[in-house]
Peer 1: 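Pasting in a structure now, in structure tokens, and then I'll have a few things to ask.
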Amino acid sequence: MKLSLYKLNPQQRKAAKIVDGPLLVLSGAGTGKTTTVVNRIAYMISRGVKSEEILAVTFTNKAAREMSERVKKMIGRSAKSMQVSTFHSLGLRILRENHKLLGYRRNFTIYDTADQLSVVRKALRTISAAWKKYKPDEVLYALNRLRMPHNEALDLKYENEFDGAVYSSVWEKYRATLRNNNAVDYEDLLVQPLRILKKYPEILNSYQEKFKYIIVDEYQDTNAVQFEIIKLLANKYKNICVVGDDDQSIYGWRGAEVKNILDFDKHFKKASVIRLEENYRSTGIILKAANAVIAGNKDRKAKKLWTRMGDGNRINFFAAADEMTEAEYVVTQIITHQIENKMSYGSYAILMRMNTQARQFEELLRAHRIPYVVVGGMQFYDRKEIRDFMSYLKVLSNHEDEESLLRIINVPRRGIGDSTLKIMSEHANLKKCGLYESLATLNESSDIKPKTLFELNKFYVLIEDARKRLKRESIAMVARNLWAEIEYQRELEATFSDPKKIAERMANIDALIDGIQYYENRDRKPTLEGYLRQVSLMEEDDDEEFQKGKVVVMTIHSAKGLEFRNVFFVGVEQGIIPHTKSLETSYGEAEERRLFYVAVTRAKQELTISYSKMRTKFGQRIERLPSMFINEIPDNLLEPTDGIYQEVADDEVTEDLLSRFGAMFSE
DNA sequence: CGCCAATTATTTTTT
DNA sequence: ATAATTGGCG
């Protein structure tokens, strides 16, 4: 294979050619990090490294997909068996391959944050001292922090006695519940594999042999557990290449430790260090603004990003009257810009600090019939009807999952309330079986009314039937059938008078089942468990093709690693970025500044920063101020478009709108 | 046990 | 503003 590293600059080339031994690539935003990594992989393979010996780890599925696609594009089939995965899917894989060692049964369920919260809430309720005083989400957050890195007794040395006692009590209950339910949470997906690797040297050795070459992307975002996993895996051959940028560390709230990247050369002796500082992405002005803001952070590796590109346009700065005006401005700008420059809609991105900000933009984009995608936000799977039905599927897959069982046993209403559940649970304890099995053994001798007993039995048969059908029918078919059988629609009709709302929810379920179908069609060996796993890790294909030609709406966190010609950075207000909540922590301000930095450096050519002077929050109109970070940008880089924006109603736009209308009817 | 009205929290970011 | 949760009553 002929390889053309000549396209790389000297530093990039140097990095690409270091195949053996530890290597740290410090790469600033837009310095061709992925290009370098992809070329490096190609080079490795050309030098005889087998693709199946390469493991590349990223943080998001998006990044994983991008990397494997670019490698495929460059060297085609010879990269086929390269392993590109996120930390969590890597952890899941190790855990699945060795689940028995830690006492998990096959088909364990992955609990998401909502499931975790529900377990914490129940645990809190059993502690009288904790009643009302502790918020479940705060306790969960504390637990996740205190349980790391080893998942054993909590590290309470910095907590006061009272909190500590509550935390550890909740923690014990939490752990017991997950164990009992044959469930793991996201943290387990990292911690449990680590335990396996530590405890079983022969297993560790087999992974070390399997993955002789390791690449870690966004290394600045690794936490203590991820660091230990990587260190163990790389310990034998020491062919470890990490890539990252301390200025883009934005996961401190998830336990990421910037010191992992800052101390890399201490952890891995004789590491080569290469800096990539030439930026190929953004114009001079965008870079200057980004540099000015990030300079406000202390304790960072000095970096001087530079570009050969010219200054470019100034940053458009727009102060909107309120959030609706802001959205109108942005969408109108996109429309006019698109018409004037005939650019694909795919070159526009609307970036924001939080998912909830997406709403107005989404509405307006839809109203103007502009193709768009909203990335992430999980909203779909958070909808009640979706969660309900997913719980049915989870029970189908793992009947020990009592969290899901309890959620659905009376949804739709079957007349099974707290008292019945209490009897059931006593019965289950007596028989030393799970709640689900107790359904099969309950009989008239208990104090349950015949009517209720009948319903319980009906429910049991319903699930068992579906489970049997799963062996011969397609998952989508079983799901569709199950959905019809539970008559959820009746429940909806009882709760909502508005037929639109009912139709909407039914449509959501249709979409879910279509999603199952889609999964089944494209997976080589589809299983219900596989589907649930994919959803839990958010591994669905919102791939390149799907996003092509569409305006992308997303959070800064999901935008990391991506670039767009035109970026609209919206809602840039004090309280949103930096977010009020984040300022409560010691690292908060610095991390918010890095977030701002990440947002700005996504833009290649044109950047608009906007905010709203008024915003509705919890039904209240509130005055807002621009983000403090805007003051850190030198004035001469900004082009203010203050006040009321001009109505852009020139002929072209009208014409365009008319043609859209035409398209609407011809559909 | 189910229904309704009153009360309360919701908005940080992802796997 | 809205959705979810809680408490009291039939």
Side-chain angles (χ1 to χ4, degrees), chain A residues 57-64 85-92 110-118 121 125 132 135-138 141 144 184-190 218 221 223 225-226 249-256 351-359 375-379 381-384 387 410-422 448-449 451-452 455 491 494-496 501 533-540 554-560 571 573 575-585 588 591-592 594-596 598-599 615-622:
Chain A
V57 191
T58 62
F59 273 81
T60 60
N61 299 302
K62 219 172 195 6
S85 62
T86 63
F87 268 105
H88 287 85
S89 54
L90 173 68
L92 176 60
I110 302 170
Y111 277 4
D112 65 15
T113 314
D115 299 321
Q116 290 183 287
L117 274 176
S118 156
R121 205 173 290 128
R125 260 193 278 239
K132 285 265 168 167
K135 290 184 183 164
D137 57 332
E138 279 164 16
Y141 184 78
N144 283 342
V184 298
D185 58 26
Y186 289 129
E187 281 69 28
D188 283 327
L189 288 181
L190 303 173
E218 308 282 10
D221 287 327
N223 66 24
V225 183
Q226 291 160 333
S249 161
I250 54 178
Y251 285 95
W253 52 275
R254 206 167 72 177
L351 303 184
M352 51 205 62
R353 175 68 234 271
M354 5 179 220
N355 293 118
T356 44
Q357 293 173 263
R359 194 135 145 222
V375 174
M378 265 295 271
Q379 351 43 356
Y381 292 97
D382 278 341
R383 299 194 169 131
K384 189 180 175 298
R387 284 203 84 90
N410 200 31
V411 175
R413 302 243 160 82
R414 301 187 171 90
I416 300 163
D418 287 342
S419 45
T420 307
L421 283 173
K422 201 159 164 246
I448 301 176
K449 277 182 286 185
K451 166 92 173 58
T452 316
E455 288 293 339
E491 181 85 356
T495 21
F496 302 103
K501 277 196 174 161
R533 266 199 307 275
Q534 188 194 270
V535 171
S536 295
L537 293 185
M538 296 202 270
E539 276 173 352
E540 306 137 281
M554 63 182 161
T555 63
I556 305 169
H557 283 88
S558 356
K560 193 164 72 154
E573 290 152 37
I576 292 182
I577 181 163
H579 196 280
T580 322
K581 272 267 161 86
S582 77
L583 294 181
E584 288 165 11
T585 64
E591 184 153 309
E592 296 287 304
R594 290 193 291 266
L595 262 175
F596 191 100
V598 169
R615 191 175 284 274
T616 313
K617 202 183 174 192
F618 304 146
Q620 223 83 44
R621 303 280 291 160
I622 298 179

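Bear in mind the structure is a predicted one, so any value in this text is a computation, not a measurement. The chains referred to below are lettered A, B, ... by the order of the sequence lines, with proteins before strands, and numbering in each begins at 1. Atoms considered below: every heavy atom in the structure, side chains included; atoms not considered: hydrogens, waters and symmetry mates.
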Peer 1: Could you list the protein-to-nucleotides 5-7 of chain B atom pairs, N/O on both sides, closer than 3.5 Å?
Peer 2:
none

Peer 1: Any side-chain N or O of A/T420 less than 4.0 Å from the OP1 or OP2 oxygen of B/dC1?
Peer 2: yes
Peer 1: Within this structure, what is the CD1-to-P distance between A/I416 and B/dG2, rounded to whole angstrom?
Peer 2: 8 Å
Peer 1: Is the phosphate of B/dT12, meaning OP1 or OP2, less than 4.0 Å from a side-chain N or O of A/H579?
Peer 2: yes
Peer 1: Given that A/Q116 and A/E592 both sit by DNA chain B, which one's nearest nucleotide is further toward the 5' end?
Peer 2: A/E592
Peer 1: With respect to the phosphate group of B/dC3, does any side-chain polar atom (N or O) of A/R413 fall under 4.0 Å of OP1 or OP2?
Peer 2: yes
Peer 1: Measuring from the side chain of A/N61 (C-beta onward, heavy atoms only), which nucleotide among B/dT15, B/dC1, C/dA1 has the closest atom?
Peer 2: B/dT15
Peer 1: With a 4.0 Å cutoff (strictly under), does any side-chain N or O of A/R125 reach OP1 or OP2 of C/dT6?
Peer 2: yes
Peer 1: With a 4.5 Å heavy-atom cut-off, do A/E218 and A/T58 have their side chains touching?
Peer 2: no
Peer 1: For C/dA3 and B/dT13, measure between their C1' atoms and round to the nearest Å.
Peer 2: 22 Å
Peer 1: Is any side-chain heavy atom of A/I577 less than 4.5 Å from a side-chain heavy atom of A/I556?
Peer 2: yes
Peer 1: When we call it a touch if two heavy atoms are under 4.0 Å apart, what does A/F59 touch: a base, just sugar-phosphate, or nothing?
Peer 2: sugar-phosphate
Peer 1: Within the 4.0 Å heavy-atom criterion, would you say A/T452 contacts the bases, only the backbone, or no part of the nucleic acid?
Peer 2: nothing
Peer 1: Taking atom types as they are modelled, would you say the side chain of A/T60 forms a donor-acceptor pair with the base of B/dT15 within the 3.5 Å cutoff?
Peer 2: no
Peer 1: Categorize A/S419 for me: base, sugar-phosphate, or nothing, with a 4.0 angstrom heavy-atom threshold over every strand shown.
Peer 2: sugar-phosphate
Peer 1: Report yes if at least one side-chain N or O of A/N223 is closer than 4.0 Å to OP1 or OP2 of B/dT15; otherwise report no.
Peer 2: no
Peer 1: Could you grab the distance from atom CZ of A/F87 to atom CG of A/D221, nearest 0.5 Å is fine?
Peer 2: 9.5 Å
Peer 1: CZ of A/R383 versus C1' of C/dA3: gap in Å, rounded?
Peer 2: 14 Å
Peer 1: Send over the distance from A/W253 CH2 to B/dT14 C1', rounded to a whole Å.
Peer 2: 4 Å
Peer 1: Under a 4.5 Å cut-off applied to non-hydrogen side-chain atoms, are A/F59 and A/H557 in contact?
Peer 2: no
Peer 1: If only side-chain N and O atoms of A/N355 are considered, is one of them under 4.0 Å from the OP1 or OP2 phosphate oxygen of B/dT14?
Peer 2: yes
Peer 1: Which nucleotide sits closest to the side chain of A/D137: B/dT10, B/dT14, B/dT11?
Peer 2: B/dT10
Peer 1: Indicate yes or no: at least one non-hydrogen side-chain atom of A/H88 is less than 4.5 angstrom from one of A/L190.
Peer 2: yes
Peer 1: Select base, sugar-phosphate, or nothing to describe what A/T580 touches, counting heavy atoms under 4.0 Å on all strands.
Peer 2: nothing
Peer 1: So, using side chain to side chain donor-acceptor pair (under 3.5 Å) as the criterion, who are the partners of A/K384 when residues are at least two apart?
Peer 2: A/D388
Peer 1: It should be established whether A/T113 places a side-chain nitrogen or oxygen under 4.0 Å from OP1 or OP2 of nucleotide B/dT14.
Peer 2: no
Peer 1: Is the distance from OP1 or OP2 of B/dT15 to the nearest side-chain N or O of A/S89 less than 4.0 Å?
Peer 2: no
Peer 1: Give the nucleotide from the list B/dT15, C/dT5, B/dT12 with an atom nearest to the side chain of A/Y186.
Peer 2: B/dT15
Peer 1: Can A/R353 and A/E592 be counted as an ion pair, charged N to O under 4.0 angstrom?
Peer 2: yes
Peer 1: Is any side-chain heavy atom of A/Y186 less than 4.5 Å from a side-chain heavy atom of A/R254?
Peer 2: no
